[in-house]
Amino acid sequence: MVVQSMPDASPVRWHLAHATWFFETFVLARAVPRYKPFHPAYEALFNSYYETVGKPLPRPRRGTLSRPTVAEVMAWREAVDQRMEDLLAGAPERVAPHLAAIELGLHHEQQHQELVLMDVKHAFSQNPLRPVYAKEPREQPREAPPHDWVPFEGGRVEIGHAGEAFAYDNEGPRHETIVKPFVLATRLVTNEEYLAFMEDDGYARPELWMSDGIDVARREGWDAPLYWFAEGGEWWEYTLAGPRPVRPSEPVCHVSWYEAEAFAAWAGARLPLEAEWEVAAAGLPVEGNFVESGRLHPAVAPPPPRRPALTQVFGDVWEWTESPYVRYPGYLPPDGAFGEYNAKFMCNTWVLRGGCCATPQDHVRATYRNFFGPDRRWPFAGIRLARW
Ligand SMILES: [Fe+2]
């Protein structure tokens, strides 16, 4: 709970404290007159990146905190839970102005639940003992269905969130955009397909790579997805169920945007634009391999319900898109601290869609825009191909 294995990751205890910090800072301190914080130092210690409400402790230093202890953090969580319950049980007109922040706080905590799994996986993978976080459910091995394409007409389409249901600010406003006719792969790229790219010298062929990408790959010595390692002439991977041989039929996971791009170029294809992905996903049920399955690893694609049809759209792995993460036409960041939640990362990051095996199922939707820098490999991210 206290280990921080790299600057991008945080100790589990920090995540637990930070999700609570959100409710204390953005709900209780604003809703309760003369509110007295549980501990005066926690405000700065567990602020992630909200400069409008204080001076956050830099993320790379989160692992240096030997105090407060896990027990103290859990006591804080309980106290804030109790104070939230008291607030919610009180006068409705006292609660009403804060309902939006409470709802945001709940979705925020779900995001951190996924980050906990990402960060634990990274920390455990660094440990020579290779600990097991959770055993995976027993399953019959099966083959991935053959690769196929689904055609879409394109045209003048609408994307983005509209309506009363919750969505993050970055999902709106709903707007028109032009999409050329395109095809999407019926399923995610498998380990077997990615291995063919590796064996064809994919990591050493600059003509397949973005210039920035090959620089990073060379500097970092990438020759396989994160968590893969060669042993006894075989590729293995570290999973939350411990190390095991790479299974050819499972979707490839823990690749960066640069790797996804290079693979797509090698395959004579490209990554989907986020508008294409959303048009294709709109109307599909949000079903798939989410955190609730307990598998915590992407699963082999199911046979398609009809041919050709998209599978694995939601769950399994976040799908890298060709689209930079930028504001939609007409987007204005919310006033105050919540303007910092999503808007200030609209630079040098790329959009991912669909959720993954570590995402709570009711957290994602067709309009959901996740984002990471193009060199990040610790998210559960993979590849779906597209073509014109
Ligand atoms: Fe956060």
Side-chain angles (χ1 to χ4, degrees), residues 1-30 37-39 41-65 68 70 73-74 76-77 80-81 84 98-123 166-171 291 318 325 333-349 351-352 355-356 358-360 362-364 368-373 376 378-381:
M1 283 228 194
V2 298
V3 172
Q4 177 174 25
S5 56
M6 64 159 171
D8 274 345
S10 305
V12 173
R13 178 195 47 190
W14 186 91
H15 286 293
L16 290 168
H18 166 70
T20 288
W21 168 90
F22 193 100
F23 285 104
E24 185 159 71
T25 303
F26 294 133
V27 180
L28 293 172
R30 294 173 178 186
F38 184 81
H39 191 294
Y42 290 2
E43 171 87 48
L45 281 184
F46 300 115
N47 179 353
S48 51
Y49 53 68
Y50 297 87
E51 312 254 0
T52 43
V53 293
K55 199 167 168 12
L57 178 78
R59 185 165 57 190
R61 288 181 45 207
R62 289 173 190 168
T64 64
L65 299 177
V70 172
V73 165
M74 296 314 272
W76 183 31
R77 283 178 68 85
V80 168
D81 278 355
M84 284 298 302
H98 305 284
L99 280 177
I102 294 169
E103 193 172 25
L104 185 63
L106 295 169
H107 289 269
H108 172 252
E109 182 141 349
Q110 284 187 316
Q111 286 184 297
H112 280 276
Q113 287 167 7
E114 178 171 333
L115 283 163
V116 164
L117 291 167
M118 287 159 59
D119 293 355
V120 165
K121 184 168 182 177
H122 190 269
F166 176 84
Y168 288 110
D169 55 285
N170 62 5
E171 295 170 57
V291 71
W318 287 102
Y325 172 59
D335 288 337
F338 291 155
E340 295 188 66
Y341 196 117
N342 288 308
K344 69 183 184 182
F345 303 104
M346 291 174 172
C347 173
N348 299 336
T349 55
V351 175
L352 302 96
C356 74
T359 311
D362 63 3
H363 184 66
V364 288
Y368 195 105
R369 305 173 82 200
N370 197 0
F371 53 89
F372 281 103
R376 299 303 197 267
W378 103 115
F380 288 81

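Predicted model, so just to flag it, every value in this text is computed and none were measured. Every number for a ligand or one of its atoms is a count from 1 in the order of the listing.
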With ring centroids as reference points, do Y49 and Y341 lie under 6.0 angstrom apart? no
Could you check whether K121 pairs with E114 (Lys NZ or Arg NE/NH1/NH2 to Asp/Glu carboxylate O, under 4.0 Å)? no
Which N/O/S atom belongs to H108 and is the closest one to the Fe ion (ligand 1)? NE2
Scan F372, Y368, F371 and name whichever one has a ring pair (Phe, Tyr, Trp, His ring centres under 6.0 Å) with W318. Y368
What is the name of the N/O/S atom of H112 that is nearest to the Fe ion (ligand 1)? NE2
Tell me if the centroids of the rings in F22 and H108 come within less than 6.0 Å of each other. yes
Atom name in H18, limited to N/O/S, at shortest distance from the Fe ion (ligand 1): NE2
